[in-house]
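Structure record follows, encoded as structure tokens.
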Amino acid sequence: MEPRHNLMTFVQRYQDLVTYQDSQINLIKDLLLYAESIESTLRAENTELSKRVHERNLDYEDATRSRRELQQRIRALETQLETSILANDQIKNTNSYVVVLIDGDGLIFKPELIQQGLAGGKKAAYALRSAILGQCGPHGSEIGVLAQVYLNLAGLSKAMRRDGCLENEHSLKEFTLGFTQAKATFDFVDVGHGKERADNKIKEMTKWHLRNHNCKQVILGISHDAGYAPFLDELFQEDSVQNQITILEGVPVVRELRAIGANILNLNNILFRSEKLVDRVPESASSESFGTPFTPIPVTPTIEYNKPATPAIEVKPVVPAIPVSAVPVTAALAALAALAAPTPPVKTTTSNSVASISSIGSSGPLTPVSASTASTPTPAATTYARAIKSATPPPPPPVIKLPAHTKAALQQQPSARASQKMTANKPKLVPWNPGPRGLDPPLQVSQSALDNLKKRKDSNKLCNNHYLRGPCSKGDSCNFEHNYKPTKEELVAIAFLTRLNPCSGGQECDVDDCIYGHHCPSVINGACTHPYCKFDKEDHPPGTKIKAHHKGSHDR
């Protein structure tokens, strides 16, 4: 029994061993299968990674190549930029110049230069050029100088004769020719009579030259005129412009311009006069002295007549006329007969005082004469007296035709009867008649509307012609506002502000719907209240106290 049992035990043990071996084999098989699957996965991943590495290598090579190309382009552009900067600097410094823009109605050359005529003009041109180049330091030889003087030649001649500093109008004209002929870049420009024509040219030329890189400095001869202050204040908003503008001082720089802080250059010691022109000589005396040495005529007391003053009468003689208020009838006719050169018509006003002069163009003082001497009849005097006595009164002022919307605004103003009732208790004054056209119809202006218009600046200002006389002929090229819809009060204010500008035709204006002023509207209680009145002395009632005149007050 025992051996058999042992055999079965071995069989069992053998079977167990076979089972174990089978499990080992299965384990090995499973391990091999797992390893094979892992290997395939790793192989795929390795392939993918190899592909990516290859692509990255290509990208790297491309980036390297692009970087090198960019470096080469950068070096080329840097070289080109340096060349452009050098060329630009060369262009800017080639033909560099300084421009001098002078308002000749206010910045006036020394009388001793003007009296030399052609030679004096050339001396002034060379002196101005030397003085400007002297301010340029070591680079003066490389810089050109441009000079332009804008003025109303006829008006300046008239004002200088009244001042007594000009003996002969021909000398001033010769002076301007000499100044222009001295250098090709120097010019005297006669802008004629007109509101701020010189101002507008100087402002536009200043803007033009400031935009030119070759212009190193703009020198403005405007020290006398505060009207340039807003223009310069606007330009000085740019820091680069502040060092490019210098004010050339003749008359001391006005407070408004000095407050801007611009550079100031004074050449009064060699070129310009520092005093403003004043009316030292009666206009009749200045016109008589044309072409001859002039000596101011002292004024002596006149004899008064106890008779009312007669209204102003326009006389158009064919020879130079002498105001009746300055000479008696007989002396005036003798003087008129002695002269033969014709002059334009002048206005004469009769008055209750007379005096006589010994001879035309003499420098002797006026001597009073008695009433009997003044009224001694002569054949010529009788004719002159009859002309005065039989002269018809001046025609009534023409009716100004305004557009319908302006008329509607004016109809809102108080009537003439109401104003007459308010002044019924006041003493009646003899109405002043400035000339053939007469007085402009009065306007009652709303202060608030006036303030609203004054707040507008530059291109925001309303176009006077557009709103007072219909569509502006300039259209889109006009620099002023056309699209604003003003109220009735503002239309009246526009008309009022426009009348502050003298009409170029004066009392000879025959335009029915003229919007400009034909006499000073700022006279109150015998005084002109406008701080810078643009009207001539004859555009004010006789005896008006004028505080200050605009630099262009001698235009007519």
Side-chain angles (χ1 to χ4, degrees), residues 95-136 140 142-160 166 169-212 214-225 228 231 244-251 265 267-268 270-273 551-552 554-555:
N95 296 328
S96 298
Y97 69 90
V98 175
V99 62
V100 184
L101 303 175
I102 297 177
D103 189 336
D105 289 328
L107 186 64
I108 302 173
F109 288 88
K110 286 184 174 294
E112 50 266 32
L113 289 173
I114 297 177
Q115 297 294 349
Q116 297 177 32
L118 198 67
K122 293 182 178 181
K123 288 181 182 179
Y126 292 131
L128 177 61
R129 183 176 183 274
S130 299
I132 298 302
L133 293 179
Q135 302 293 321
C136 299
E142 304 172 2
I143 297 178
V145 179
L146 280 68
Q148 292 179 323
V149 185
Y150 301 97
L151 80 166
N152 173 15
L153 185 60
L156 180 60
S157 300
K158 178 180 176 182
M160 293 183 71
L166 181 64
E169 184 179 298
H170 186 68
S171 298
L172 178 59
K173 186 174 181 180
E174 288 291 317
F175 175 84
T176 62
L177 291 177
F179 186 91
T180 303
Q181 294 173 4
K183 300 292 296 182
T185 56
F186 280 42
D187 295 293
F188 252 92
V189 181
D190 184 5
V191 298
H193 168 71
K195 172 185 175 291
E196 298 182 353
R197 289 187 177 179
D199 302 39
N200 293 334
K201 282 187 174 290
I202 289 178
K203 291 176 182 178
E204 290 302 319
M205 292 302 295
T206 298
K207 293 179 181 178
W208 190 90
H209 286 290
L210 287 176
R211 291 192 295 265
N212 190 338
N214 298 89
C215 181
K216 303 305 179 183
Q217 191 75 201
V218 178
I219 301 176
L220 302 176
I222 57 172
S223 63
H224 59 286
D225 192 351
Y228 288 94
F231 169 71
Q244 276 190 275
I245 294 181
T246 298
I247 294 179
L248 185 59
E249 184 178 46
V251 175
L265 175 62
L267 300 178
N268 287 353
I270 56 174
L271 278 174
F272 304 106
R273 58 178 288 167
K551 56 88 188 171
H554 56 262
D555 283 350

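Quick caveat, the model's predicted, so the values are computed rather than measured. Sequential numbering from 1 along the given sequence is applied to the chain's residues. No hydrogens, no waters, no symmetry mates; every other heavy atom, side chains included, goes into these values.
Smallest separation of non-hydrogen atoms from Val99 and Cys215: CG1-SG, 3.9 Å. Here the closest heavy-atom approach between residue Gln244 and residue Lys216 is recorded as CG-O, 4.1 Å. Here the closest non-hydrogen pair linking Val145 and Thr185 is O-OG1, 2.7 Å. Contact detail for Ala182 and Lys122: the closest heavy-atom pair is CB-CA, 3.9 Å. The two residues Leu101 and Tyr150 come nearest to each other via the heavy atoms CD2-CE1, 4.3 Å. Here the closest non-hydrogen pair linking Asn268 and Arg273 is OD1-O, 4.3 Å.
Residues Tyr228 and Ile202 meet the side-chain proximity criterion, which asks for heavy atoms closer than 4.5 Å. You'll find the side chain of Lys123 stays beyond 4.5 Å of the side chain of Phe109, heavy atoms only. Taking 4.5 Å as the limit, every side-chain heavy atom of Gln135 sits out of range of all side-chain heavy atoms of Val98. Using a 4.5 Å cut-off on side-chain heavy atoms (C-beta onward), Gln217 and Ile219 make contact. Proximity of Asn152 to Asp190: side-chain heavy atoms (C-beta onward) are separated by under 4.5 Å at one or more points. For the pair Phe186 and Leu128, the minimum side-chain heavy-atom distance is below 4.5 Å. Counting heavy atoms from C-beta outward, Ile245 and Leu210 have side chains that approach closer than 4.5 Å. Looking only at side-chain heavy atoms (C-beta outward), Ile132 and Ile143 stay at 4.5 Å or farther from each other.
Ring orientation note: the planes of Phe188 and Phe175 are nearly perpendicular, at an angle over 60° on the 30°/60° scale.
In this structure a side-chain-to-backbone donor-acceptor pair under 3.5 Å is present from Asn212 to Asn214.
Here Lys110 contributes atom NZ and Gln116 contributes atom CD; the two are 12.5 Å apart, rounded to the nearest 0.5 Å. Rounded to the nearest 0.5 angstrom, Ser223 OG and Ile102 CD1 are separated by 10.5 Å. Considering CD1 of Ile108 and CG of Leu156, their distance stands at 5.0 Å, rounded to 0.5 Å. Atom NE2 of residue His170 and atom CG of residue Leu177 lie 8.5 Å apart, to the nearest 0.5 angstrom. Going from atom CG of Leu166 over to atom CD of Gln115 covers 6.0 Å, rounded to the nearest 0.5 Å. Distance CG/Asp199 to CZ/Arg197: 12.0 Å, rounded to 0.5 Å.
Remark: Lys173 NZ is loosely packed, at most 12 non-hydrogen atoms of other residues, nucleotides or ligands lying under 6.0 Å away.
No side-chain donor-acceptor contact under 3.5 Å links Glu142 and Ser96.
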